[in-house]
Peer 1: 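Please see the structure below; I have some questions.
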Amino acid sequence: MPMSDWQSPAAYEHAQDIAAAGMAWEYLRRDDDYRRVFQRMKMLPAPKSGGRKAFSERWGLRFPCRSVAACRAHSCFLDTGTLA
């Protein structure tokens, strides 16, 4: 995650137009515990039974996709890394 000057108002100008869900994501992606747990899950060859559900419930996540095929293209949404 790129670091910015959290004290600079300019660094948060974009936040004026963020919906509630987007603002929640801005907080969550900076949470050290979330980042650690996400990285651990990402390294698993296959999630444990109920693991994804437990993860999403712990962090209050909801997934808007209706089918597995539709969600595959959006699987990076929960990644805390930077876009290349």
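We use all heavy atoms of the structure for the numbers below, so side chains are in, but hydrogens, waters and symmetry mates are not.
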Peer 1: What's the separation between atom CE in M43 and atom CZ in F38, rounded to the nearest 0.5 Å?
Peer 2: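 Atom-to-atom, M43:CE and F38:CZ are 11.5 Å apart.
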Peer 1: Closest approach of R29 and R35, non-hydrogen atoms and distance?
Peer 2: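 Reported closest heavy-atom pair: O-CD, 3.3 Å.
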Peer 1: Would you call the rings of W59 and Y34 parallel, tilted or perpendicular, taking 30° and 60° as the class edges?
Peer 2: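 If you compare the ring of W59 with that of Y34, the planes turn out perpendicular.
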Peer 1: Are L28 and M23 connected into the same hydrophobic cluster when the rule is that any two of I, L, V, M, F, W, Y join if their side-chain heavy atoms are below 4.5 Å apart?
Peer 2: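 Different clusters: M23 never reaches L28 through Ile, Leu, Val, Met, Phe, Trp or Tyr contacts under 4.5 Å.
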